[in-house]
Enquirer: 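The structure is given below, and queries will be raised subsequently.
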Amino acid sequence: PKSYPEPKFSNWQTLVGKKFGKLEVISYGGQEVRGPQNQHLWNCKCECKNIVTIEQLDLTRKRKTCCGKGSCNELIHKPARDDSRKKYTF
């Protein structure tokens with residue numbers, strides 16, 4: 001992913017170096033225009049070594065905590081065990 005210089009707003013707070021689950025932010029990834037607001041993008045390195053670009057709100061609201069690829073996806077998103085079919089005897 002391409003890196004861009006971070007904005008110079010007076011209230012700007014960088015996410016570089018912060019961890020969100022298995023993702024560590026490595027650089028600013030620019031902006032994506034979506035409707036009336038711009039979404040800030042961040043380049044992140046997952047513990048499984050994949051590098052992905054994630055929207056800031058997905059990181060800060062913990063909607064994305066891994067890259068979602070390969071073994072990382074399987075470890076994080078394993079389906080819950082279905083206990084609804086257990087038979088109970090009285």
Enquirer: Might you work through the side chain to side chain contact (heavy atoms under 4.5 Å, CB included) test for Trp42 and Thr53, ending with a clear yes or no?
Expert: CA-CA 5 Å; Trp42 295 92; Thr53 302; over 6 Å; no
Enquirer: Show the nearest heavy-atom pair for residues Asn43 and Lys2, with the distance to one decimal.
Expert: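 Closest pair (atom of Asn43, atom of Lys2, distance): ND2-O, 3.1 Å.
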Enquirer: If the condition is side-chain hydrogen bond (donor to acceptor under 3.5 Å, both in side chains), which residues does Glu6 pass it with, not counting sequence neighbours?
Expert: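 Here the qualifying residues are Trp12, Thr14.
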Enquirer: Hey, could you give me the CD1/SG distance between Ile51 and Cys46, rounded to the nearest 0.5 Å?
Expert: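 Nearest 0.5 Å value for the CD1-SG distance: 10.5 Å.
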Enquirer: Going by side-chain hydrogen bond (donor to acceptor under 3.5 Å, both in side chains), name the residues that satisfy it together with Gln39, two or more places apart in sequence or in a different chain.
Expert: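 Testing Gln39 for side-chain hydrogen bond (donor to acceptor under 3.5 Å, both in side chains), a comparison that skips the adjacent residues, returns none.
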Enquirer: Please say yes or no: joined through hydrophobic side-chain contacts below 4.5 Å, possibly via intermediate residues, are Leu41 and Phe9 part of one cluster?
Expert: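 No, Leu41 and Phe9 fall in different hydrophobic clusters.
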Enquirer: For Asn38, check side-chain contact (heavy atoms from CB on, under 4.5 Å) against everything at least two apart and list the hits.
Expert: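 Counting only residues at least two positions away or on another chain, Asn38 forms a side-chain contact (heavy atoms from CB on, under 4.5 Å) with Gln31, Val33.
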Enquirer: Kindly work out whether a path of hydrophobic side-chain contacts (I/L/V/M/F/W/Y, heavy atoms less than 4.5 Å apart) joins Ile54 to Val16.
Expert: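 As far as the 4.5 Å side-chain criterion goes, Val16 and Ile54 are connected within one cluster.
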Enquirer: Got a sec, which pairs hit salt bridge (Lys or Arg N to Asp or Glu O under 4.0 Å) with one end in residues 40-54, sequence neighbours left out?
Expert: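 Passing the test, one end in residues 40-54: Lys19-Glu47.
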Enquirer: Stepwise, does the side chain to side chain contact (heavy atoms under 4.5 Å, CB included) test hold for Gln56 with Leu15?
Expert: CA-CA 9 Å; Gln56 181 168 327; Leu15 297 182; 3.8 Å; yes
Enquirer: Using every non-hydrogen atom in the two residues, find where Phe20 and Leu59 come nearest and quote the distance to one decimal.
Expert: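 Minimum heavy-atom separation between Phe20 and Leu59: CD2-O, 3.3 Å.
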Enquirer: Establish whether Leu57 and Val52 are linked, either directly or via other cluster members, by ILVMFWY side-chain heavy-atom contacts under 4.5 Å.
Expert: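 No: no chain of side-chain contacts under 4.5 Å links Leu57 to Val52.
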Enquirer: Does any part of the side chain of Ser27, heavy atoms only, come nearer than 4.5 Å to the side chain of Tyr4, both counted from C-beta?
Expert: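 Tyr4 vs Ser27: side chains apart.
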Enquirer: Which residue pairs pass the salt bridge (Lys or Arg N to Asp or Glu O under 4.0 Å) test when at least one of the two sits in residues 54-63, sequence neighbours left out?
Expert: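 For residues 54-63, and leaving out neighbouring residues, the salt bridge (Lys or Arg N to Asp or Glu O under 4.0 Å) pairs sorted by first residue read Arg34-Glu55, Asp58-Arg63.
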Enquirer: Which pair of non-hydrogen atoms, one from Gly17 and one from Glu24, has the smallest distance, and what is that distance?
Expert: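 Closest pair (atom of Gly17, atom of Glu24, distance): O-OE2, 4.0 Å.
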Enquirer: Could you tell me which non-hydrogen atom of Cys67 sits nearest to which non-hydrogen atom of Leu23, and how far apart they are?
Expert: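 For Cys67 and Leu23, the tightest heavy-atom pair comes out as N-CD2, 3.9 Å.
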